[in-house]
Trainee: 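Take a look at the following structure, please.
When reading the values below, keep in mind they use all heavy atoms of this one structure, side chains included, and skip hydrogens, waters and symmetry mates.
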Amino acid sequence: SCKKSGFFRKNTSSDQSSNSIRQWIDQKEHSCFICNMVKRTFDDYLNTFFQMYKKDAGFRSKLSQTKGFCLTHFGLLCEAADQNLSGEELTAFYDTVLPLMQENMERLYEDVSWFIEKYDYRNKDTDNSRNGHSSKTMHTSYGDMDVAIPRDRNGDYEPQLIKKYQNTVTQDMEEKILSMYAKGMTTGDIESHMRELYDIDISDSTISRITDKILPIVKEWQERPLEEVYAVVFMDAIHYHVRSEGRIVKRAVYIALGIDMSGKKDVLGMYVGENESAKFWLSIMNGLKNRGVEDILIACVDGLNGFPQAIEAVYPKTEIQQCIIHQIRNSTKFVSYKDIKKLMADLKLVYAAPTEETALNELELFKDKWDSKYPKIYKSWNDNWATLSTYFKYPEAVRRLIYTTNAIEGFNRQLRKVTKSKTVFPSDDSLLKMLYLATMDITKKWTGHRQDWGQIHSQLEIYFEERLIGRNL
C-alpha cells in the first residue's frame, strides 16, 4: 500500500515538502509494518529536523542528502515486502537496511548538533531569542533599497554593517573615502579600490568633491581657540611641489606644534604659503595671538634668518632656542670626509658642555684648531650664540626637550609617509586637505604626556614664576 500511494518513486526529488514524510506516516491507511517501523525508528529525528529545516541553508543541504538516502531505502523495503519473502529473509533484509538508515540519520544529527544548540533557546541560560525582522529603507546614490534587519526579543542585537538609525549608505562611503585619502591614496587609487571592493563606479572628480567638503572644517580648525600659555612651541616648515597656473612651484607648509602646561602635545596650526620666510612666520605668530595664546615660554626653531625677530615682535618675553642639529648640519656640510670625524668630536665638546661658560671656552679652542681651515664654522656658531645657548640654563630634562626640533621633525616624517605617493599636488587646497586628514589621523594617538613631564613642569614653574602668576592653568 505504501508503494502504491505514490510517495516512494525512483530518483525522488530532494526538495519535497519537509512535512510530507510526517503526513504520510500519520495517514491511517498507511499502517503497514514498514510504516510503523519507520515511525518508531525516526520519529524523534524527524520532529527535531523539521523544526529547524527553514532556518539554515547549510542544514537544508545536509537534510536533503540524508532525506534522499532514506527515501531510497524506504522504497527498497516496500519492494522487499511485495516480493513475498519468507519471514526470515524479510527480517534479515530489514536488519541490513534499517541500521544503515539509522546510522545516516545519526551522522546528520552529529553534524548539526551545533545548530541545535544555537537555536534551541529553551535549553540555554538566557530568556532571549530571535524575534523576526524589522524593515528599513536605505537611501543610496543608486536609489532606495529595502532591507530586513534581524531583531531579538530583548532588543540587544546590534547590526554591524548598517548601524541602528542609519538610513543612508552615502555617508558611510564618504567616511571610507576620506579615510583612504588620509592614508595618502590618490583619487585614482581610491576609484579603483571602490570598484574592486564594493563594485561601485565613482569618478575621481566625485572623490575630489567629497574631499572638498572638509575644507570648511579645515578653516574652522585653523581658527579654533587655543590655550592661554604654552610651555614649548616648535615651529618648522615642510616643502611640497604644487601645480599653479600651468607651472610646478614649491610651496612651504608652516607648522606650529605646541606643548601646553599639562604636557599634552597638539598641532596649533598648519598653513600653506610661499617659500619659508620670516615675514610669513610673523603673520602666523599674530594669528596665534589672536586665537588666545597670551604667552609662549620657550620657542624652538630652525636657523631661518629673521625667525627670532619675528617671534620677539609678538612675544617679546619668549626665550628662543635654535635647533642644535640644524646648526651642526648647516655649518659642517662642506667639511671634508677626512676631517669630519675629528671636527665633530671637537664640536661636541661645545654643545654637550655642562655650562655655558665651559661651552664658550671649548668654542674658542675649536676656533684655534679649525679656524684656519674652516673659518665659517666658528663664525656661524659665534653669530648665533644668543639663540644657540638658551638650553644651558636648564636642567637635563628640559635640555633634552628643547635643544632640537625633533618633536616636530618626527611629525613631519609621518606626514611625508602619507604624501610620498604624490610628487605634485594639483592645488594648494588638495595639499591642505591631505595634510589635515593625515594630521587628524596622527594626533589621535597623542593621548598622554611625556614620561618626565612632572620634573619639567616643576622646573618651568620655578624659572617662569613671574610670568605664570595669575594664569588660569
Side-chain angles (χ1 to χ4, degrees), residues 13-23 45-68 108-109 111-183 185 187 190-214 216-217 437:
S13 174
S14 61
D15 60 352
Q16 297 181 27
S17 171
S18 56
N19 290 322
S20 58
I21 297 179
R22 295 291 303 147
Q23 294 171 357
Y45 294 117
L46 295 175
N47 278 330
T48 302
F49 293 156
F50 291 149
Q51 292 296 324
M52 302 186 299
Y53 182 77
K54 296 181 180 180
K55 293 185 177 180
D56 187 87
F59 177 75
R60 287 200 298 271
S61 175
K62 287 181 175 295
L63 182 59
S64 297
Q65 297 174 7
T66 304
K67 181 178 174 183
L108 173 65
Y109 187 85
D111 289 343
V112 298
S113 59
W114 63 270
F115 188 89
I116 297 172
E117 294 175 359
K118 179 178 180 180
Y119 293 102
D120 188 12
Y121 67 92
R122 295 180 182 84
N123 295 326
K124 288 185 176 181
D125 296 331
T126 179
D127 58 351
N128 198 12
S129 63
R130 289 189 172 193
N131 192 26
H133 297 78
S134 60
S135 60
K136 178 187 287 189
T137 301
M138 298 297 297
H139 306 291
T140 71
S141 56
Y142 298 95
D144 293 346
M145 177 178 63
D146 294 329
V147 294
I149 307 298
R151 62 187 181 188
D152 58 351
R153 295 192 180 277
N154 293 348
D156 297 332
Y157 177 71
E158 290 290 340
Q160 298 300 312
L161 183 60
I162 300 176
K163 303 294 184 181
K164 285 184 177 180
Y165 313 114
Q166 179 184 347
N167 60 1
T168 176
V169 180
T170 305
Q171 181 180 359
D172 187 53
M173 288 299 176
E174 288 182 358
E175 291 177 356
K176 288 181 171 59
I177 289 172
L178 291 176
S179 177
M180 288 186 282
Y181 198 79
K183 299 296 183 183
M185 295 180 65
T187 54
I190 296 174
E191 178 185 0
S192 60
H193 193 69
M194 297 295 289
R195 186 185 302 111
E196 292 174 2
L197 284 185
Y198 304 105
D199 196 23
I200 297 176
D201 289 326
I202 301 178
S203 65
D204 54 354
S205 59
T206 302
I207 295 172
S208 295
R209 286 195 297 271
I210 291 174
T211 56
D212 283 344
K213 293 182 179 180
I214 69 166
I217 301 176
L437 290 172

Trainee: Taking C-beta and beyond as the side chain, do His193 and Met185 meet within less than 4.5 Å on heavy atoms?
Mentor: yes
Trainee: How long is the span from the CG atom in Asp152 to the CD atom in Glu158, to the nearest 0.5 Å?
Mentor: 9.5 Å
Trainee: List for me each residue that meets salt bridge (charged side-chain N to carboxylate O under 4.0 Å, His left out) alongside Asp212, sequence neighbours excluded, and say none if there are none.
Mentor: Lys433
Trainee: Name all residues meeting the side chain to side chain contact (heavy atoms under 4.5 Å, CB included) criterion together with Ser135; count only those two or more places apart in sequence or in a different chain, and write none if there are none.
Mentor: none
Trainee: Would you say the side-chain atoms of Arg153 pair up with the backbone N or O of Asn131, donor to acceptor, closer than 3.5 Å?
Mentor: no
Trainee: How would you list, by chain and number, every residue that makes a side-chain hydrogen bond (donor to acceptor under 3.5 Å, both in side chains) with Ser205, sequence neighbours excluded?
Mentor: Ser203
Trainee: Residues in side chain to side chain contact (heavy atoms under 4.5 Å, CB included) with Leu437, at least two apart?
Mentor: Leu178, Tyr181, Ala182, Ile214
Trainee: Taking the side chain as every heavy atom from C-beta outward, state whether Ile207 and Glu191 have any pair of such atoms under 4.5 Å apart.
Mentor: yes
Trainee: With sequence neighbours excluded, tell me which residues meet side-chain hydrogen bond (donor to acceptor under 3.5 Å, both in side chains) with Asp156.
Mentor: none
Trainee: Enter the distance from Ile177:CD1 to Ile190:CD1 here, rounded to the nearest 0.5 Å.
Mentor: 7.0 Å
